[in-house]
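Counting from 1, the numbers follow the sequence of the chain as shown.
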Amino acid sequence: MFLWLLLVSGPQGFWSQAQSSTRSYGPVFEEQPAHTLFPEGSAEEKVTLTCRARASPPATYRWKMNGTELKMEPGSRYQLVAGDLVISNPVKAKDAGSYQCVATNARGTVVSREASLRFGCLSYRWLLNEFPNFIPADGRRFVSQTTGNLYIAKTEASDLGNYSCFATSHIDFITKSVFSKFSQLSLAAEDARQYAPSIKARFPADTYALTGQMVTLECFAFGNPVPRIKWRKLDGSQTSKWISSEPLLQIQEVDFEDEGTYECEAENIKGRDTYQGRIIIHAQPEWLKVITDTEADIGSNLRWSCVASGKPRPAVRWLRDGQPLASQNRIEVSGGELRFSKLVLEDSGMYQCVAENKHGTVYASAELTVQALAPDFRLNPVKRLIPAARSGKVIIPCQPRAAPKATVLWTKGTELLTNSSRVTITADGTLILQNISKSDEGKYTCFAENYMGKANSTGILSVRDATKITLAPSSADINVGENLTLQCHASHDPTMDLTFTWSLDDFSIDLDNSEGHYRRASAKETIGDLAILNAQLKHSGQYTCTAQTVVDSASESATLTVRGPPGPPGGVVVRDIGDTTVQLSWSRGFDNHSPIARYSIEARTLLSNKWKQMRTNPVNIEGNAETAQVVNLIPWMDYEFRVLASNILGVGEPSLPSSKIRTKEAAPTVAPSGLGGGGGAPNELIINWTPTLRDYQNGDGFGYILSFRKKGTQGWLTVRVPHAESLHYVYRNDSIGPYTPFEIRYWKDGDKEEAADRVRTAGLVTSAHVTGLNPNTKYHVSVRAYNRAGTGPPSPSTNITTTKPPPRRPPGNISWTLTGSTVTIKWDPVVAQADESTVTGYKMLYRQDSHSAPTLYLASKSRIDIPVPEDFTHAFVQIRVTGPGGDGIPAEVHILRNSGTSMMVEDSVTRPVPHAAIIATNSLAMVALIRYLEL
C-alpha cells in the first residue's frame, strides 16, 4: 500500500502543474454596436460603430453588413480601429443597412447583435408668403406629421397667399431643411354658411407600435364653426399616459394594455363626425431565460435552454463559434433547447442562442468547456483535523476535482472501509461515521481514480467529550410588560469553545437587534441564560437553547406564554339599520391567554374623524357576546363602527372599521337656535336664526316652518322656508308701523302651543367700530336708532378713554456683528415718557434687497439674531418700538457685510395707528354721537 501511494503521487503533481497556467476563456462582449442615424449632407466625414470584447487570449474582430463579411483593404472606406468599424464619407445608397461585429479567439467565436445605420429624419411645417412666417397649429389649421399635408378647417380672408412646405431632417443636434415651390391659395368668395364637421386628416385604420414607444394619432376635420376634437378608447378608459391637444392624441410608453380601438369625434353646433382605428401593440424579443458559461465533465450529458418573450412570438436559433448549429449525431436542436449526449472535448466553444421576430433580434452568449481532469484534491482536500463528539456522528466529504467523475474508496489506516451499521459511504464519496467511540480515532484517507489518473487525501479523526445541557429552561406564564430569565447551563469538552444560541419558534434570535427585549444574563462560558425584558405578545412561543461546539450541539426547549389585552375582533357587520339604531355583529379575536371580559363599540361620522364610544343595548356587552345593538344614533347620518375587546389586562386593539352605512331618515327633533330679528325698511319685519347643523337635520329636504304674530294678538302667521342653509326671512306688510314690537314662536311638532318659547326682535348689528380718535383722550358716547321716518331718542351716554401714544423717539445707536450664518443686531433701549404708553417690545422689518419681500421679526429686548444666506452682502432694516399705544417711529438702517456699524439711511416718521372704540347699538340701524373731552 505504501509503495502504491508513492507511485500515484508523481503523475498527480505533474498534471496539477500543467493546470496551473492562466485560465483562458472565449470572447464576451462589453460593447456592441448600436442603431445609428446619420444626417445626409452632414459635415461629419465618418461614422463609427463600436465593438469591444473581453477575451483571453485577446480577440480579433471582423464585421458583416447585411450578412456579408466586409473587406478591410488599405485605402478602403471601411477601417478597423481596435474592434470599432469606421466608415468614411458614408453614403445612403451604399452604407444603409444592418451591421454585426464578429469576435474570435482560440476558445471560440461570438457574433454581436445587429445594428442598423440609417440616414435622415423629417418634420414638416408650412410657410405663408415669406420666411419665417410659419403657419401655427391653432385648431383651425393643422399640419400632419405623417403626410406633411396642411389642413384648414374653415378658410378666412387672411388665408389668402402663397404657401410653401418646409421639411426638416433632424439628427441629434444637426438639422437640414428644404423648401417646396410656393403654391397660391385663392378664395372665390367668403362663405359664411355653417356646416357640419367632416374628418379629413385621420390616423391609419391599424397603427402598429412597439412597447415603450410613444404613439401619435392625428385627426382633423373641416367645418364651420371650427369643430372641436375629442378622443376616447372604445374598449377601455383614458389613462394618465394620454396627452391630448385637439388634433393629436399622444400615448407615452405604450404597453399591451393600450391596445384597442380608438375614436376621434369632431363636433360643432351643426353636427358631428367620427372615425375609428386600432392600435396594435407588438414587442421586440426580450430574454426571459438565457444560457450561462458552463464547465461539464467529458462523457456527461448537457441541456441548455433559452426562453424569449415578444410579439409576434420570437423564433430561436443557435450558433456555435458564430456559425448556425443544427441537430447532428449527439447534438439535438429543438427551438430554444440544445441537448448534448456524451460530451467530448471537441464540443467546447462559444455558443449563442438568437431570438428574433420582425421587430428585432437579441443574442445570448455562453462558453462551454468540456473538462478531462485527473483527480485533484488541492481545492477541496480532506480536512486535516476532524474533531468528533463521543456517541455522535461525523460527516467527512471527499470532493476532488475530476472529469470524468472519480471512483472513491476510503481507508482507516490500512483498513479498507465498507458500508456497515456504523459506516456509510454515499454515492458522491462522503464518509459518515455514527455512534462514535474513542476507538474510531485515527487517519482516514480518501482515494479517487478515473482514467486520467489517481489521487488521495488524508485527515485525522479526534474524538471529544459530548456537549450536554445540564440545566434546561422551564416553561412560564407572564403578563405583557413583565421581565423573565430563561435558564440554560451546559457541559462540554474543555479543549473546545462553547457558544449558546436561542431561537423562538425555530427562528434565530439576534440579541443585537432585538429592540432591547433580549440580552444575555451571564458572561460565564457554561451559562447561556436569556433575559427577556418588557415582554410583549409577540414574544410568546417555544424558546430553544442550543449549546454548541465545533463538533456537536445539544438543545432544550421551553414554552413562554405572554398574557395581554385581547386582539382585534374581526368581521364587523352592520344590519337592521334604523333611524337611531343598528345591529352589529363580529367574530372573536385572540384572547391572548386571558379571557375576554367585555366589548365596547365606537363610531365615527363623516363630519368628524374622531372615534367616540357609543351607547349599546345591552349596556354592558359580555365577553362571550358576538352581537349588540347600537342606540341613540343620529338619523340620516353616515357612520362607521368598530369593536374593541378588553380583559383584566386592558383594552385591546380595535377591529377594522365596518363598511359605511347611513341611518334612516326621521323628523327633526331639535328646534333652530339664535332666533332674533329687526332692521330693514319701513313695513318690513326681518326674522333671522342660526342654520341647523347637518347633525340635527335628520333627513333630506330639510327646511323651516316659521310662525309669528303681533304682540297682544291671538292669530299666528305661518310660512315655510326651504333649504337647510337658510338663515333669515323678510315679512312685508304695509300695515306694520315703525318700532312695532314683535314676538316670535317656535315649538316641536306635536307639542302644544302654550309650551312655546318667546323672544323680542333685535337688530342685525349691535356694535360699531369708530376710528380717527385722539390718543389719551376721554370720550362720551350715546346711541340712537333711526329709520326712513327719522332718528329716535338717544341712549344713556357712556364714557371711554383712549390709550397714550407710543414713544416718539426711534431706537438709536444701532450696531451689528456677523458670525457664520447669523447677524446679531443691537440698539439702545427706548424709555417711554410720562405722556407716552409703555414699551412692551420691538418690531423689525428685514429686507435682503430693494426687490425682495420684507420679513417681520419681534423682539422683547434691544437685540436680535437673524439667519442670513452664505452669499449675504447687505440688507435694509427698520426697527421701531411697540406697546399698548401702537407702533412708534422706525429707524431705518442699511447693513453692509464688511462694516460692523450700520449706516442710517432715513429717519422715517410713521404716525401712530389711530385708536378705536367699540360701541353697542340697539336694533335697526344706528348712529354714534361722540362728545370730545381733552384731558
request  = Supply the atom-to-atom distance Ile425 CD1 to Leu433 CG, rounded to the nearest 0.5 angstrom.
outcome  = 9.0 Å

request  = Let me see the working for Asp552 and Thr467 under side chain to side chain donor-acceptor pair (under 3.5 Å), right down to the final yes or no.
outcome  = CA-CA 7 Å; Asp552 70 339; Thr467 303; 2.9 Å; yes

message = Less than 4.5 Å apart, side chain to side chain, heavy atoms only: is that true for Thr549 and Arg464?
response = no

query = Do Ser334 and Arg339 pass the side chain to side chain donor-acceptor pair (under 3.5 Å) test, and can you show the C-alpha distance, the side-chain angles, and the key distance before you say yes or no?
reply = CA-CA 8 Å; Ser334 178; Arg339 296 185 182 92; 5.1 Å; no

message = Side chains of Ser658 and Trp586, heavy atoms from C-beta outward: is any pair under 4.5 Å?
response = no

query = Side-chain contact, heavy-atom cut-off 4.5 Å: Met350 with Pro27?
reply = yes

request  = Specify the closest pair of heavy atoms between Asn450 and Ala374, including all atoms of both residues, with the distance to one decimal.
outcome  = OD1-CA, 3.8 Å

request  = Please assess Arg320 against Asp347 for the test side-chain contact (heavy atoms from CB on, under 4.5 Å), listing each intermediate value before the final yes or no.
outcome  = CA-CA 9 Å; Arg320 179 167 67 184; Asp347 292 326; 4.0 Å; yes

note = From the list Asn592, Asp591, Asp477, side chain to side chain donor-acceptor pair (under 3.5 Å) with Arg563 holds only for Asp477

message = Within the supplied structure, the quantity of interest is the number of heavy atoms (other residues, nucleotides, ligands) at a distance under 6.0 Å from Lys393 NZ; does it exceed 12?
response = no

query = Got a sec: does the NZ of Lys438 have more than 12 other heavy atoms crowding it under 6.0 Å?
reply = yes

request  = Look at atom CZ of Phe340 and say whether more than 12 heavy atoms of other residues, nucleotides or ligands are closer to it than 6.0 Å.
outcome  = yes

ask   = Should Asp505 and Gln542 count as side-chain neighbours, where that means a heavy-atom distance under 4.5 Å?
value = yes

key: Min side-chain heavy-atom separation Tyr363-Ser112 under 4.5 Å   = no

note = Rounded to the nearest 0.5 Å, the CD atom of Glu653 sits from the CZ atom of Arg642 at a distance of 9.0 Å

message = To check you understand the geometry: which heavy-atom pair defines the closest contact between Asp497 and His492, and what is its length?
response = C-CD2, 4.5 Å

message = If we ignore hydrogens and angles and just use 3.5 Å, is the side chain of Thr470 paired with the main-chain N or O of Ser491 as donor and acceptor?
response = no

key: Between CG on residue Asn483 and CG on residue Asn534, distance to nearest 0.5 Å   = 7.0 Å

ask   = Taking the side chain as C-beta and beyond, is there a heavy-atom pair between Lys289 and Ser305 under 4.5 Å?
value = yes

key: Ile469/Cys488 under side-chain contact (heavy atoms from CB on, under 4.5 Å): CA gap, chis, key distance, verdict   = CA-CA 7 Å; Ile469 300 292; Cys488 186; 3.9 Å; yes

inquiry  = One pair to check against side-chain contact (heavy atoms from CB on, under 4.5 Å): Leu504 and Tyr518. What are the steps and the verdict?
reply    = CA-CA 12 Å; Leu504 172 58; Tyr518 297 116; 3.8 Å; yes

inquiry  = If you count heavy atoms of other groups shown closer than 6.0 angstrom to CD of Glu295, is the number above 12?
reply    = yes

request  = Could you tell me whether a side-chain N or O of Glu525 sits under 3.5 Å from a main-chain N or O of Leu498, the two making a donor and an acceptor?
outcome  = yes

inquiry  = Taking the side chain as everything from C-beta on, heavy atoms only, tell me whether Phe29 gets closer than 4.5 Å to Cys51.
reply    = yes

ask   = Could you go step by step and tell me if Ser56 and Ser24 meet the side chain to side chain donor-acceptor pair (under 3.5 Å) rule?
value = CA-CA 5 Å; Ser56 178; Ser24 60; 5.9 Å; no

ask   = Aromatic rings Trp304 and Tyr351: how do their planes relate, parallel, tilted or perpendicular, breaks at 30° and 60°?
value = perpendicular

query = If you measure from CG on Leu416 to CH2 on Trp410, what distance do you get to the nearest 0.5 Å?
reply = 12.5 Å

key: Non-hydrogen atoms of Lys342 and Asn301 that approach each other most closely   = N-OD1, 2.9 Å

ask   = More than 12 foreign heavy atoms under 6.0 Å from CZ of Arg303: is that the case here?
value = yes

key: Inter-residue atom distance Leu530.CG - Ser522.OG, 0.5 Å rounding   = 12.0 Å

ask   = Does atom CD of Glu257 have more than 12 heavy-atom neighbours, drawn from other residues, nucleotides or ligands, at distances under 6.0 Å?
value = yes

ask   = Where is the tightest heavy-atom contact between Ala521 and Thr485, given as atom of each residue plus distance?
value = CB-CG2, 4.1 Å

task = Apply the side-chain contact (heavy atoms from CB on, under 4.5 Å) test between Ile532 and each candidate in Ile509, Leu560, Val562; give the one that qualifies.
result = Leu560

request  = Indicate the atoms forming the closest heavy-atom contact of Gln487 with Trp502, along with that distance.
outcome  = O-CH2, 4.2 Å

ask   = Is atom CG of Asn419 surrounded by more than 12 heavy atoms (other residues, nucleotides or ligands) closer than 6.0 Å?
value = yes

inquiry  = With heavy-atom distances below 4.5 Å as the criterion, would you say the side chains of Asp529 and His489 are in contact?
reply    = yes

message = Working note: Phe590 + Leu537, criterion side-chain contact (heavy atoms from CB on, under 4.5 Å); need CA distance, chi angles, decisive distance, verdict.
response = CA-CA 11 Å; Phe590 293 109; Leu537 293 172; over 6 Å; no

task = Over all heavy atoms of both residues, which pair between Asn105 and Tyr25 is shortest? Give the atoms and the distance, please.
result = ND2-O, 3.0 Å

ask   = Within a radius of less than 6.0 Å around CD of Glu332, do more than 12 heavy atoms belonging to other residues, nucleotides or ligands occur?
value = yes

key: Side-chain donor or acceptor of Asn456 paired with backbone N/O of Phe447 under 3.5 Å   = no

Side-chain donor/acceptor of Ser553 to backbone N/O of Gln548, under 3.5 Å = no

